[in-house]
Novice: 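One structure coming up, written as structure tokens, with questions to follow.
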Amino acid sequence: MEPSPRRGVDADEQQSTEVSPQDPFQLLANDSQLNVEQYNWQEVEDLMAILTADSSSILSGPQAFLDMSYFADFGNTSVHEVQVEQDIGTSAHAHQAVRHMNSLVQQFSIDLAREIEVTGATANLFDTCLGCFFSHFLPTFPVVHQPTFSLKSCSPPLLLNMIALGSRFVAGEVATAMGEALWKVALAAVSTSWQSLLDHTDPEGQSTSMQLVMTALLSQAYAVLSGNSSLRLTSQAYHGLGFYWARQCNSTPSSPTIGTPIGGWTAQTKTQRWKEWAAQESRGRVLLGHYILDGLICQSSGLPNSARHTVNNLSLPCSDAAFDAPTADVWLRVTSLEPPISGLSFRERLLEVFDFDNEPPSLLLSHMSLPVLMEALQSLVSESCEAGGPSVGLPSRHALGHALWRLYDSQIMHQYRPPADFMDLSIRWHIVSISLCVEPRSLTHQLCRRHGIIQKIYGGANAPSVTAFCLEDWKVSHLARRALLHVISILDLIQQLQIGKTKALHLPFTIYTAAMVLIAVATGSSSRVQIPSVTCWKVVCDLGEQVEPQELPWSDTASTSSYVSFGAVPIGCAAKARNLLVDINALLAILESATSIWGITKEMRVCLQQLTATLT
């Protein structure tokens with residue numbers, strides 16, 4: 001049965017998805033059992049042997065596309081073999097430096113191998129973690145085409161990052177320690193041999209350059225939410241390398257084409273066309289993944305974006321059904337039943353969102369497309385906060401709010417959007433909308449400074465937009481009330497999410513920011529509030545003139561407008577009471593249950609507990 005249209009006031013209220021009785025962040029012990037047998041690959045055992053070697057083979061090997069000849073030259077060169085031009089003369093210091101370099105490289109390799117061996121990791125654990133990557137991480141971040149994935153053509157750094165990400169979903173200290181060790185090995189390998197990865201080809205004759213771009217993506221996905229602050233800082237230091245490498249290998253893909261079967265394709269032709277299409281589609285999704293992670297890293301670190309999201313000329317990805325098709329026959333059947341994908345790029349789609357004189361297109365975009373569009377809007381919101389006023393080429397805050405509403409109304413609330421996708425995308429949309437009401441970094445830093453609390457989650461503490469923010473003025477403004485409505489909706493949606501959706505990369509920072517808003521609103525005032533029972537999100541997004549009640553056919557428009565403007569629900573309008581302390585505790589509980597997956601949530605929870613203690 002197709003989901004009913006949701007073009008109404010508060011789509012959150014209209015969702016009837018059952019609430020799972022389980023804690024939404026339960027690990028594998030309470031989740032469906034993983035079928036490890038299907039991920040039993042001999043190549044994993046070979047990789048394990050390479051990683052636990054006692055020499056520089058950890059950074060090279062029979063299957064590794066890693067050019068360590070630069071270091072090998074030092075390792076095979078003695079002092080007497082170093083030839084120096086006579087007119088320059090020989091230098092004992094230079095010879096000593098060469099020996100020292102050789103020693104450092106050898107010791108570094110040994111230390112990395114020992115670090116992995118000490119964790120007690122086994123090939124079976126590698127298998128399990130790789131399986132978890134496909135079954136738990138990939139559904140929330142579909143950048144690898146699992147049906148056509150070939151382990152034999154996968155470069156070791158990419159495989160190491162897959163296993164490291166999969167270890168996030170395996171309970172136990174061994175898996176956690178192993179994940180960090182593998183991440184460090186992959187980082188060392190890529191840092192010393194990225195040029196060779198750009199130039200090499202795999203055993204099937206395909207260039208490994210795109211695997212380097214994918215390696216950078218998965219590496220940052222692992223580190224950005226790590227509980228180890230040094231890993232997070234490293235991911236920020238390497239921020240933008242994926243875009244740079246993509247430009248170096250000229251990997252910007254065009255829209256993949258299928259072609260029309262004339263007289264019927266043979267099974268071999270179908271499979272070949274399917275693999276070619278999947279490779280092209282995956283290349284596009286990897287680059288889109290970098291746009292999504294770019295926004296997440298910038299929001300947390302305070303760094304500028306590495307790419308201009310508003311000029312993203314990548315084509316829209318295919319539908320979720322086509323990408324998830326397990327066979328060539330199913331893929332052909334799905335694509336033949338779907339309307340053709342528009343040739344418009346993300347840049348052109350963004351223009352349509354801001355074209356207020358025309359209705360946005362009604363074609364349903366895939367789940368992968370909307371986070372990219374929302375990160376583009378987020379980049380504009382961030383630039384608006386940083387500018388502090390009107391700027392050349394930058395939309396007004398009123399225009400940004402209207403664009404956010406149009407995207408929500410036309411795509412997120414689309415009548416054919418699956419309910420689970422609707423809730424996940426709504427949470428993303430609400431957090432971008434909160435950024436339009438208050439910059440999360442500014443709010444967090446001001447709250448922590450007031451109470452002398454040190455936090456390292458958000459960077460950029462001395463940015464002008466942070467120092468100029470006045471917490472007291474904001475918390476009594478209409479912007480705080482708008483943000484509060486978004487936060488309460490986020491909490492209600494998270495409590496209804498399916499377990500698989502609760503592992504998404506954006507959720508930890510979303511929950512952290514939502515809790516900060518609740519703490520700020522509750523500071524120095526009552527923790528009990530009355531809000532409209534149903535919210536009109538068009539009113540909440542309208543930062544300009546208030547929407548007149550007769551403009552929309554919903555009776556809750558006047559109630560939402562009155563609350564946003566004056567902080568009270570009119571007499572006779574339906575309202576619901578919320579206790580902010582109860583809501584804060586609910587968010588803390590969700591963060592606690594997420595700690596074993598995303599380590600950064602432990603640090604987030606400690607900071608929020610310290611701030612919550614100041615409210616009582």
Side-chain angles (χ1 to χ4, degrees), residues 10 12 24-25 299-300 426-451 453 455 457-458 469-497 502 506-533 535 537 540 560 563-564 567-569 575-594 600-616:
D10 187 282
D12 307 342
F25 279 99
Q299 281 295 295
S300 61
S426 292
I427 292 171
R428 290 176 179 267
W429 179 84
H430 282 299
I431 199 63
V432 176
S433 300
I434 288 175
S435 299
L436 194 59
C437 301
V438 60
E439 188 181 28
R441 287 187 303 124
S442 301
L443 182 64
T444 301
H445 285 304
Q446 290 291 354
L447 277 172
C448 291
R449 283 174 180 171
R450 167 179 288 198
H451 301 289
I453 296 172
Q455 69 90 34
I457 305 299
Y458 281 119
F469 177 72
C470 180
L471 179 60
E472 294 300 326
D473 291 343
W474 177 82
K475 61 179 288 188
V476 296
S477 70
H478 67 97
L479 293 174
R481 292 188 286 274
R482 295 174 196 269
L484 180 61
L485 292 176
H486 286 297
V487 166
I488 290 174
S489 183
I490 285 174
L491 176 57
D492 292 342
L493 286 165
I494 289 177
Q495 291 175 330
Q496 299 179 65
L497 277 180
T502 59
H506 64 93
L507 273 183
F509 277 100
T510 295
I511 297 170
Y512 185 61
T513 299
M516 283 292 176
V517 172
L518 293 179
I519 292 171
V521 172
T523 299
S525 58
S526 173
S527 61
R528 297 180 180 273
V529 297
Q530 292 277 339
I531 64 173
S533 57
T535 304
W537 293 115
V540 177
T560 303
Y563 175 77
V564 167
V569 179
K576 58 183 178 183
R578 300 292 295 232
N579 188 318
L580 302 186
L581 292 180
V582 173
D583 290 339
I584 292 170
N585 188 63
L587 291 172
L588 286 172
I590 296 173
L591 277 180
E592 181 180 17
S593 56
I600 195 174
T601 56
K602 181 177 181 180
E603 193 173 335
M604 290 176 172
R605 190 169 181 270
V606 170
C607 178
L608 291 173
Q609 284 177 322
Q610 292 175 326
L611 288 172
T612 304
T614 65
L615 301 177
T616 56

Novice: Listed by chain and number, what are the side-chain hydrogen bond (donor to acceptor under 3.5 Å, both in side chains) partners of Tyr512, not counting sequence neighbours?
Specialist: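 So Tyr512 forms a side-chain hydrogen bond (donor to acceptor under 3.5 Å, both in side chains) with Gln455.
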
Novice: Could you tell me if the side chain of Val569 sits less than 4.5 Å from the side chain of Thr560, heavy atoms only?
Specialist: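 No, too far: nothing below the 4.5 Å cut-off.
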
Novice: Would you check if there is a donor-acceptor pair between the side chains of Tyr458 and Thr513 at a distance under 3.5 Å?
Specialist: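 Short answer, yes.
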
Novice: Would Ile427 and Leu507 satisfy side-chain contact (heavy atoms from CB on, under 4.5 Å), going step by step from the backbone distance to the final call?
Specialist: CA-CA 8 Å; Ile427 292 171; Leu507 273 183; 4.0 Å; yes

Novice: Checking Gln610 now: which residues fulfil side chain to side chain contact (heavy atoms under 4.5 Å, CB included) with it, not counting sequence neighbours?
Specialist: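 Partners of Gln610 by the side chain to side chain contact (heavy atoms under 4.5 Å, CB included) criterion, ordered by chain and then number, come out as Ile453, Val606.
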
Novice: Once you round to the nearest 0.5 Å, how far does SG of Cys448 lie from CG of Leu611?
Specialist: 5.0 Å

Novice: Within this structure, what is the CD-CD1 distance for the pair Glu603 and Ile457, rounded to the nearest 0.5 Å?
Specialist: 4.0 Å

Novice: Say whether, by atom type as modelled, one donor and one acceptor occur between the side chain of Glu439 and the main chain of Ser435 under 3.5 angstrom.
Specialist: no

Novice: Got a second to check how far His430's NE2 is from Asp492's CG, nearest 0.5 Å?
Specialist: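 Taking NE2 in His430 and CG in Asp492, the distance rounds to 9.5 Å.
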
Novice: Could you tell me whether the side chain of Trp474 and the main chain of Cys437 form a donor-acceptor pair under 3.5 Å?
Specialist: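 Such a contact is found between Trp474 side chain and Cys437 backbone.
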
Novice: Ignoring hydrogens, what is the shortest heavy-atom contact between Pro532 and Lys576? Give both atom names and the distance.
Specialist: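 Shortest heavy-atom contact: O-CE, 3.7 Å.
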
Novice: Quick one: side-chain hydrogen bond (donor to acceptor under 3.5 Å, both in side chains) partners of Arg528, sequence neighbours excluded?
Specialist: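 side-chain hydrogen bond (donor to acceptor under 3.5 Å, both in side chains) check on Arg528 returns nothing, list empty.
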
Novice: Pairs in or reaching into residues 606-616: which pass salt bridge (Lys or Arg N to Asp or Glu O under 4.0 Å), with residues at least two apart or in two chains?
Specialist: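 For residues 606-616, and leaving out neighbouring residues, there are no salt bridge (Lys or Arg N to Asp or Glu O under 4.0 Å) pairs at all.
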
Novice: Are Val564 and Leu485 close enough that some pair of their side-chain heavy atoms sits under 4.5 Å apart?
Specialist: yes

Novice: Let me confirm one number: the CG-CZ distance from Leu436 to Arg482, rounded to the nearest 0.5 Å.
Specialist: 9.0 Å

Novice: If you define the side chain from C-beta out and look only at heavy atoms, does anything of Leu443 sit under 4.5 Å from Val517?
Specialist: yes

Novice: Should the pair His486 and Trp429 be assigned to parallel (<30°), tilted (30 to 60°) or perpendicular (>60°) ring geometry?
Specialist: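 Plane angle over 60°, so perpendicular.
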
Novice: Got Leu447 and Thr614 here, is their nearest side-chain heavy-atom distance under 4.5 Å?
Specialist: no

Novice: For residues Arg481 and Gly567, report the shortest heavy-atom separation together with the two atoms involved.
Specialist: CD-CA, 3.4 Å

Novice: Is any side-chain heavy atom of Thr535 closer than 4.5 Å to a side-chain heavy atom of Tyr563?
Specialist: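 The answer is no, as the side chains (C-beta and beyond) never meet within the 4.5 Å cut-off.
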
Novice: I'd like to check Pro508 versus Met604 (side-chain heavy atoms, cut-off strictly below 4.5 Å). Are they in contact?
Specialist: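 Counting from C-beta outward, Pro508 and Met604 do come under 4.5 Å.
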
Novice: Quick check for you: to the nearest 0.5 Å, what is the distance between Leu581 atom CG and Leu518 atom CG?
Specialist: 9.5 Å

Novice: Taking side chain to side chain contact (heavy atoms under 4.5 Å, CB included) as the criterion, tell me which of Leu608, Leu591, Ile590, Ile511 meets it with Thr601.
Specialist: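 Running side chain to side chain contact (heavy atoms under 4.5 Å, CB included) over Leu608, Leu591, Ile590, Ile511 with Thr601 returns exactly one hit, Leu591.
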
Novice: Output yes when a side-chain donor or acceptor of Ser526 lies under 3.5 Å from a complementary backbone atom of Ala522, and no otherwise.
Specialist: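 Not confirmed, Ser526 side chain does not pair with Ala522 backbone.
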
Novice: Going by salt bridge (Lys or Arg N to Asp or Glu O under 4.0 Å), name the pairs with one or both residues in residues 579-591, residues two or more places apart or in two chains.
Specialist: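 Qualifying pairs: Arg578-Asp583.
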
Novice: Could you check Val438 against Leu479 for side-chain contact (heavy atoms from CB on, under 4.5 Å), going step by step and ending with a plain yes or no?
Specialist: CA-CA 7 Å; Val438 60; Leu479 293 174; over 6 Å; no

Novice: Can you measure from OG1 (Thr510) to CD1 (Ile434) and round to the nearest 0.5 angstrom?
Specialist: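 The CD1 atom of Ile434 is 8.0 Å from OG1 of Thr510, to the nearest 0.5 Å.
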
Novice: May I ask you to decide if Arg441's main-chain N or O and Thr444's side chain share a donor-acceptor pair within less than 3.5 Å?
Specialist: no

Novice: Under the salt bridge (Lys or Arg N to Asp or Glu O under 4.0 Å) definition, can you give me all pairs with a residue in residues 605-616, not counting sequence neighbours?
Specialist: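 For residues 605-616: Glu592-Arg605.
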
Novice: Any side-chain heavy-atom pair from Met516 and Cys607 closer than 4.5 angstrom?
Specialist: yes

Novice: Do Leu491 and Leu587 make a side-chain contact, defined as non-hydrogen atoms from C-beta onward lying under 4.5 Å apart?
Specialist: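 Of all side-chain heavy-atom pairs linking Leu587 with Leu491, at least one is under 4.5 Å.
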
